[in-house]
Each structure stands twice: as structure tokens, then as C-alpha cells.
Amino acid sequence: MLILFDHGAPRGVVRALRDHSVITAKARGWDRLTNGVLLRVAEEAGVDLLFTTDQRIRYQQNLTGRKIAIVVLDGTTKWSRVRWHFERIAAVVDAATPGSYTEIAIPFD
């Protein structure tokens with residue numbers, strides 16, 4: 001699966017996704033695109049899943065009919081917390097299907 005990390009996604013999560021190919025929005029020059037344009041460009045490029053921290057994306061974008069799966073890291077992005085949830089993150093990513101939307105809650109404490 002080809003996964004796109006947006007600018008807020010903790011880079012260390014890549015270690016939990018060893019069975020997948022991960023690219024970043026910044027590396028592709030997509031880090032300044034609005035969400036709607038980013039989703040379209042990513043789908044056109046064959047990206048299977050967007051990994052993001054933007055909890056508003058489902059309210060700001062019409063996700064109906066999208067081919068790209070979206071996984072949102074919800075809660076804290078503090079590395080000392082996120083790293084304890086690698087297995088759960090990997091399981092959600094592995095289970096994602098085209099057009100699906102899933103939030104992964106990372107507690108603040």
C-alpha cells in the first residue's frame with residue numbers, strides 16, 4: 001500500500017508501517033496544498049491512504065466516492081505517547097479499504 005503522510009503526521013510512525021511504502025507531502029511538494037487538492041492529487045498519483053492529524057478533514061471535505069483511505073491520528077501527536085500505539089496504528093492501516101475513514105485516538109495522558 002502506498003501511504004502519504006501529511007505535514008503533521010509524526011515521521012516515526014513509518015517504523016510501524018514496514019510492510020508499506022510511505023511518502024511525505026513535503027517530499028512531493030504537496031505540503032502547501034489545501035485538503036481538497038491534496039486528496040485529488042494523491043488519488044491521481046495512486047496513493048492508497050492518507051495518514052494525517054487533521055481531525056477536521058471529514059467535515060471540510062466531501063469524502064463520498066473517494067478512492068483514497070484516510071486515517072486520522074486523533075488526540076496528541078506527542079512522540080512519547082504515539083510510539084506506544086504502533087500496533088494499533090499498523091492494524092488500522094492494514095485494515096483500511098478504499099474510501100474508508102478511521103480515527104485513531106491517542107490519549108493525552
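From a predicted model like this one, the values you see are computed outputs, not experimental measurements. Along the sequence shown, residues carry numbers from 1.
- Side-chain contact between Ile104 and Val71 is present, with heavy atoms from C-beta onward closer than 4.5 Å.
- By the 4.5 Å heavy-atom criterion applied to side chains, Leu2 and Ile23 are counted as neighbours.
- In this structure, CZ in Arg40 is found 8.5 Å from OG1 in Thr34, a value given to the nearest 0.5 Å.
- Note that CG of Leu73 is 13.5 Å distant from CZ of Arg81, once rounded to the nearest 0.5 Å.
- For the residue pair Gln55 / Asp74, a side-chain donor-acceptor distance below 3.5 Å is found, with atom types taken as modelled.
- Checking side-chain atoms of Arg28 against main-chain N and O of Ala42 turns up no donor-acceptor pair under 3.5 Å.
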Next item on the list: Start with the C-alpha gap between Leu4 and Leu49, add the side-chain angles, then the distance that decides, and say whether side-chain contact (heavy atoms from CB on, under 4.5 Å) holds.
Entry: CA-CA 6 Å; Leu4 173 64; Leu49 185 141; over 6 Å; no
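- In the hydrophobic cluster analysis, where Ile, Leu, Val, Met, Phe, Trp and Tyr join through side-chain heavy atoms closer than 4.5 angstrom, Val92 is grouped together with Val82.
- Residues Trp79 and Val13 meet the side-chain proximity criterion, which asks for heavy atoms closer than 4.5 Å.
- Across every non-hydrogen atom of Ala105 and Arg88, the tightest pair is O-NH2, 2.6 Å.
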Check: Which is it for Ile57 and Leu50 under the side-chain contact (heavy atoms from CB on, under 4.5 Å) test, yes or no, and what are the steps along the way?
Finding: CA-CA 11 Å; Ile57 195 167; Leu50 171 64; 3.9 Å; yes
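- Within 6.0 Å of atom CH2 in Trp84, 12 or fewer heavy atoms from other residues, nucleotides or ligands are found, so the atom counts as exposed in its surroundings.
- The side-chain heavy atoms of Asp54 and Asn35, taken from C-beta on, include a pair separated by under 4.5 Å.
- Within the 4.5 Å cutoff, the side chain of Arg15 has heavy atoms near those of the Phe86 side chain.
- A 4.5 Å side-chain heavy-atom check between Val37 and Trp30 finds every atom pair outside the cut-off.
- Side-chain contact check for His20 and Asp94: at least one donor-acceptor pair (N or O, by modelled atom type) lies under 3.5 Å.
- Judged by distance alone, the side chain of Thr24 and the main-chain N or O of Ala27 form a donor-acceptor pair under 3.5 Å.
- Side-chain contact annotation: Tyr101 with Glu103, donor-acceptor N/O pair under 3.5 Å present.
- Both Leu63 and Leu33 sit in one connected hydrophobic cluster of ILVMFWY residues. Membership requires side-chain heavy atoms under 4.5 Å apart, directly or through other members.
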Requested in this report: Please assess Leu17 against Ile3 for the test side-chain contact (heavy atoms from CB on, under 4.5 Å), listing each intermediate value before the final yes or no.
Outcome: CA-CA 9 Å; Leu17 307 174; Ile3 300 171; 4.0 Å; yes
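- Phe5 and Ile106 end up in the same hydrophobic cluster when Ile, Leu, Val, Met, Phe, Trp and Tyr side chains are linked at under 4.5 Å.
- In this structure, Ala90 and Ala16 approach most closely via the heavy-atom pair CB-O, 3.4 Å.
- Note: Ile68 CD1 to Asp48 CG = 8.0 Å, rounded to the nearest 0.5 Å.
- Residues Val22 and Phe51 share a single hydrophobic cluster, defined by chaining ILVMFWY side chains whose heavy atoms lie under 4.5 Å apart.
- Taking 4.5 Å as the limit, some side-chain heavy atom of Arg66 sits within range of a side-chain heavy atom of Glu43.
- Surrounding CD of Glu87 are at most 12 heavy atoms belonging to other residues, nucleotides or ligands under 6.0 Å away.
- When side chains are defined from C-beta on, Ile70 counts as touching Leu39, because their heavy atoms get closer than 4.5 Å.
- Summarising the geometry, atom NZ belonging to Lys67 is positioned 8.0 Å from atom CD belonging to Glu44; distances are rounded to the nearest 0.5 Å.
- In terms of heavy atoms, Thr53 sits closest to Gly8 at CG2-O, 3.3 Å.
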